[in-house]
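Note sheet for the following structure.
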Amino acid sequence: MTAATSSTSTPASATGSFLLTLMKLRTFIALFAVIVFFAIFAPNFTSTANMILMSKHVALNAFLAMGMTFVIITGGIDLSVGSIVGLCGMVAGGLILYGIELPIGYTIYFNLFEIVSITLSIGLIIGLINGLLITKLNVAPFIATLGTLYIARGLALLSSDGQTFPNLVGRPEYATTGFDFFGAGRVLGLPVSIWILIALSLLAAYVARSTPIGRHIFAVGGNERAARMSGIRVDLVKVFVYMFSGLCAAIVGIIISSELMASHPATGESFELNAIAAAVLGGTSMSGGRGTIGGTIIGAFVIGILSDGLVMMGVSSFWQMVIKGLVIIIAVVVDQAQRRLQQRVSLMQMAKAG
């Protein structure tokens with residue numbers, strides 16, 4: 001009787017392990033599937049020029065998704081990143097064109113390095129505000145970041161009365177020229193934004209895997225109460241991840257404004273949805289405690305290639321929204337199925353060992 005039970009459970013355990021492996025590799029499978037599909041049905045999809053262009057689009061999603069990954073791992077959410085993109089783009093554009101006019105009739109102009117530093121600081125400050133609202137005032141992450149979403153977007157619109165800051169070529173006498181380097185420049189044949197993405201993703205992966213703050217991020221998402229009791233400064237960890245998310249959004253704001261050589265207050269609308277989709281598709285669990293930067297980057301490639309491929313095929317933007325929504329739902333469903341299957345396989349392995 002015991003032997004029969006054991007022989008029956010062994011194939012079941014093997015089958016469960018195989019399905020679990022497929023679920024863990026779902027992002028690679030999805031990436032391979034979309035590449036093959038569009039290579040067949042989308043004209044010029046595999047051309048070098050199109051691949052480079054898609055990589056630039058993917059980079060924008062990947063920056064936001066990296067920050068979102070850390071936030072989601074801690075069990076939070078950041079809805080404000082799209083608005084931070086728009087506000088930071090307007091800050092950079094306004095400083096290049098007009099500087100800061102003081103009430104005494106004097107105008108301060110900053111050089112390009114200072115403008116970039118100020119813009120990145122704006123992203124960090126908004127992330128800090130999100131973190132403090134959540135940790136010190138106990139505001140739910142969804143509500144806190146929804147509020148800053150509206151505030152940041154409103155400030156972006158107020159900065160120009162809803163108008164665009166055009167022609168961001170800068171002025172040589174103030175050392176504000178060269179802003180186009182971030183969005184249109186190339187190094188060794190690759191866009192600068194790709195190099196920035198590579199550097200930041202390597203740094204983020206190192207932080208997640210090899211530093212105390214990285215381990216604390218996963219501990220907070222896995223069990224916040226246990227993390228607090230073990231001495232982890234949970235509030236500091238949460239503030240850090242929201243500041244990092246704000247920094248990533250500020251980088252995107254700079255890159256987009258640089259590429260267009262113009263800043264528009266509506267830039268970044270719905271970007272947070274693509275970031276969440278890329279993170280979840282890359283294996284980040286919405287319940288917290290699990291996720292990887294590498295998986296998120298692959299998820300960003302899936303979302304980016306899917307968007308550009310549908311455009312190349314002439315698919316309506318309305319249907320594109322429907323398809324992206326389905327991708328998010330399927331990713332979450334598979335994630336939940338993976339968790340249940342993981343528990344089941346673990347129980348089977350424990351029973352077999354016992």
Side-chain angles (χ1 to χ4, degrees), residues 20-21 23-28 31 55 58-78 81 117 120-121 123-124 127-128 130-131 134-135 141 187 190 192-252 275-276 278-302 331 335 338-339 342 346:
L20 186 60
T21 301
M23 287 182 177
K24 290 180 178 179
L25 295 175
R26 64 183 182 273
T27 313
F28 291 96
L31 179 60
S55 297
V58 167
L60 301 180
N61 287 332
F63 281 120
L64 298 179
M66 276 193 291
M68 191 69 71
T69 296
F70 279 161
V71 170
I72 294 177
I73 288 174
T74 63
I77 196 74
D78 189 354
V81 290
S117 299
L120 295 177
S121 298
L124 287 170
L128 174 63
N130 283 333
I134 292 165
T135 58
V187 176
L190 288 178
V192 172
S193 58
I194 301 299
W195 288 111
I196 298 175
L197 173 63
I198 292 172
L200 188 61
S201 60
L202 290 175
L203 176 62
Y206 173 77
V207 168
R209 295 172 60 91
S210 306
T211 66
I213 186 66
R215 292 189 289 272
H216 293 171
I217 289 171
F218 284 95
V220 170
N223 190 323
E224 182 175 329
R225 183 180 178 184
R228 197 180 298 275
M229 293 178 65
S230 65
I232 293 175
R233 301 175 66 181
V234 173
D235 289 355
L236 184 61
V237 170
K238 289 186 177 182
V239 169
F240 170 80
V241 298
Y242 283 97
M243 289 183 69
F244 180 69
S245 181
L247 175 66
C248 291
I251 292 173
V252 174
I276 294 170
V280 173
L281 190 61
T284 304
S285 174
M286 290 298 293
S287 58
R290 179 160 51 85
T292 64
I293 296 299
T296 292
I297 298 298
I298 297 173
F301 268 93
V302 173
D335 176 71
Q338 178 183 335
R339 294 190 66 186
Q342 177 75 59
S346 298

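Side chains are part of it too, since the values below use all heavy atoms of this structure and drop only hydrogens, waters and symmetry mates. Numbering of residues begins at 1 and proceeds along the displayed sequence.
- Separation of atoms CD1 (Ile251) and CG (Leu60) is listed at 11.5 Å; rounding is to 0.5 Å.
- Taken from CG in Leu31 to CD1 in Ile297, the straight-line distance is 12.0 Å, to the nearest 0.5 Å.
- Checking side-chain atoms of Thr74 against main-chain N and O of Val71 turns up a donor-acceptor pair under 3.5 Å.
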>> Using the rule given for side-chain contact (heavy atoms from CB on, under 4.5 Å), can you reason through Thr292 versus Arg209, listing the C-alpha separation, both sets of side-chain angles and the distance that settles it, and then say yes or no?
In response: CA-CA 9 Å; Thr292 64; Arg209 295 172 60 91; 5.9 Å; no
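- Using modelled atom types, one side-chain atom of Ser121 and one backbone atom of Ser117 make a donor-acceptor pair closer than 3.5 Å.
- The shortest heavy-atom contact between Ser245 and Val81 is OG-CG1, 3.2 Å.
- Applying the ring pair (Phe, Tyr, Trp, His ring centres under 6.0 Å) criterion to Phe70, with sequence neighbours excluded, gives Phe244.
- Atoms CG and CD1, on Leu281 and Ile276 in that order, are 13.0 Å from each other to the nearest 0.5 Å.
- Shown here for Asn223 and Ala226, the closest heavy-atom pair between the two residues is OD1-N, 3.0 Å.
- The nearest pair of heavy atoms linking Trp195 to Val187 is NE1-O, 2.7 Å.
- Sorted pairs that involve residues 199-224 and meet ring-ring contact (aromatic ring centres under 6.0 Å, His included), not counting sequence neighbours, are lacking altogether.
- Between Cys248 and Gly67 the shortest heavy-atom distance is SG-N, 4.0 Å.
- Taking each heavy atom of Ala65 and Thr296 in turn, the nearest pair found is CB-CG2, 3.3 Å.
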>> Let's go through Val234 and Lys238 carefully: what are the C-alpha distance in whole Å and the side-chain angles of both, what is the deciding distance for side-chain contact (heavy atoms from CB on, under 4.5 Å) to 0.1 Å, and is it a yes or a no?
In response: CA-CA 6 Å; Val234 173; Lys238 289 186 177 182; 3.9 Å; yes
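- Across all their heavy atoms, Met243 and Leu124 have their closest contact at O-CD2, 3.5 Å.
- One distance of note links OG1 of Thr135 with CZ of Arg233; it measures 11.5 Å at 0.5 Å rounding.
- Atom-to-atom distance recorded for Ile196:CD1 and Ser201:OG is 11.5 Å, nearest 0.5 angstrom.
- With values rounded to the nearest 0.5 angstrom, Tyr242 atom OH is found 3.5 Å from Ile134 atom CD1.
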>> With side-chain contact (heavy atoms from CB on, under 4.5 Å) as the criterion, how do Val207 and Ile293 come out once you've worked through the C-alpha distance, each side chain's angles and the decisive distance to 0.1 Å?
In response: CA-CA 10 Å; Val207 168; Ile293 296 299; over 6 Å; no
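- Of the possible donor and acceptor atoms, one in the side chain of Thr284 sits under 3.5 Å from a partner among the backbone N and O of Ala279.
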